[in-house]
Amino acid sequence: MIKHYTPRMTKEQVKLLRTWHDENYQSQKASLPKQLCFMGLDLNIRNDVFAPDVDDETGNPFHRAVEAEVKPGERVLDMGTGSGVSGILAARKGARVVAVDINPNAIECARQNADHNNVADRITFAVSDIFDEVEGDFDLIVFDPPFRWFKPRDMLEASTADEDYRGLTRFINETKDRLRSNGRVLLNFATSADIDYLHSLIDTAGLQKKATQYGELTKGDFTARYYIIRLTRRWAPISARRRGSTSLARPT
Ligand SMILES: C[S@@+](CC[C@H](N)C(=O)[O-])C[C@H]1O[C@@H](n2cnc3c(N)ncnc32)[C@H](O)[C@@H]1O
């Protein structure tokens, strides 16, 4: 059951993040539609679909990490696919991909981008609220989730705002059951979100995390730090296996 969410930060920080969020939303909205070319991709981004931040033609650290993590033949879930970017990168490396998003226009946009980038035959698309329409388990699940817990005003804002972290909470609670024994999750997250809440969800779900900082951004007197968080199952010690624990044991 999802407990009521309360931000784990001061009122001043919440106020500052609200301002930061509104500015980002307005500038994202004003910049759409647009075409982005990076990492050898050519993406058309529709009006109410999230446009990834890209530094230059090398893209951004999260998408480079996704590309580096995928192995040919793996089954990959691109949760919240948006323009399709991560799913297309995974398919290009020879993965079989399921790409889902709560926004039907994002799915249409991602489908067209997959076709345009010649990987449509390796990606299955579905409109889905988190795992609702997803079947089976995966070697790799990637998710660049909405950072804020505010109520979104429209589908574009649902890219960056997830009311009371309902979607994020469900994702972390349910993701372990969707991982194969070698399964990994790659998440993009930041301290401009409630990262302490995310860590508590991860710990409660019994997942093992490794966070790698890849950048920081200062606005006024607030500095946000950005992380790629890699999750795996937490393995039970051998003694727990002997006692017949239902936890997973590390494969030999
Ligand atoms: C920050 S954007 C990332 C988009 C894309 N993956 C990328 O890297 O550019 C977050 C995406 O998650 C989707 N999303 C938000 N809540 C969701 C939910 N409950 N279920 C599925 N997708 C969701 C949004 O529509 C949006 O496309």
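Each ligand, and each atom within it, is numbered from 1 in the order the structure gives. All values below come from the heavy atoms of this structure, side chains included, with hydrogens, waters and symmetry mates left out.
- Every atom of ligand 1 with a heavy atom of Pro146 under 4.0 Å away is listed here by number and element: 15 (C).
- Below 30°, between 30° and 60°, or above 60°: for Phe150 and His21 the angle between ring planes is above 60°, a perpendicular geometry.
- No side-chain N or O of Asp53 forms a donor-acceptor pair with one of Asn60 less than 3.5 Å apart.
- Using the six-membered ring where Trp is involved, Tyr197 and Tyr5 have ring planes that are perpendicular, over 60° apart on the 30 and 60° scheme.
- Of the protein's heavy atoms, Asp129 OD1, 2.9 Å lies nearest to atom 19 (N) of ligand 1.
- The protein atom (non-hydrogen) at minimum distance from atom 7 (C) of ligand 1 is Val85 CG1, 3.5 Å.
- Distances from atom 14 (N) of ligand 1 to the heavy atoms of Thr160, Val127, Ile102, Ile107 put Ile102 nearest.
- Counting heavy atoms from C-beta on, the side chains of Arg230 and Thr232 come closer than 4.5 Å.
- Regarding atom 15 (C) of ligand 1, its nearest protein heavy-atom neighbour is Ala158 O, 3.3 Å.
- Below 3.5 Å of separation, one finds an N or O of Ile130 facing an N or O of ligand 1.
- Here Asp139 does not pair with Arg96 in a salt bridge; the nearest charged N to carboxylate O distance is not below 4.0 Å.
- Nearest-heavy-atom check against atom 10 (C) of ligand 1 across Asp78, Asp101, Asp144 picks out Asp144.
- The proximity of Ser159 to ligand 1, defined as any non-hydrogen pair under 4.0 Å, involves the side chain as well as the backbone.
- Inter-residue side-chain proximity for Leu43 and Phe38 is flagged as met; some heavy-atom pair is nearer than 4.5 Å.
- Ion pairing of Arg170 with Asp162 is absent here, as no side-chain N (NZ or NE/NH1/NH2) approaches a carboxylate O to less than 4.0 Å.
- Neither the backbone nor the side chain of Asn188 has a heavy atom within less than 4.0 Å of ligand 1.
- Between Asp164 and Lys151 no salt bridge is recorded (no basic side-chain N to carboxylate O distance below 4.0 Å).
- Residue contacts with ligand 1 for Arg170 are absent, since no atom lies close enough (heavy atoms, distance under 4.0 Å).
- Between the side chains of Asp42 and Gln35, at least one donor N or O lies within less than 3.5 Å of an accepting N or O.
- A cation-pi geometry, defined here as NZ or CZ lying under 6.0 Å from the six-membered ring centre and within 45° of its normal, holds between Arg75 and Phe138.
- Of all atoms in ligand 1, numbered sequentially from 1 with element shown, those under 4.0 Å from a heavy atom of Gly82 are 4 (C), 27 (O).
- Remark: ligand 1 and Asn103 share no N or O pair separated by less than 3.5 Å (distance only, no angle test).
- The nearest protein atom to atom 8 (O) of ligand 1, hydrogens excluded, is given as His63 NE2, 2.8 Å; this is a heavy-atom distance.
- Only backbone heavy atoms of Ser128 (N, CA, C or O) come within less than 4.0 Å of ligand 1; its side chain stays farther off.
- Checked against a 3.5 angstrom limit, the closest N/O atoms of Phe62 and ligand 1 fall outside it.
- Scanning all protein heavy atoms for the shortest distance to atom 12 (O) of ligand 1 gives Gly80 CA, 3.4 Å.
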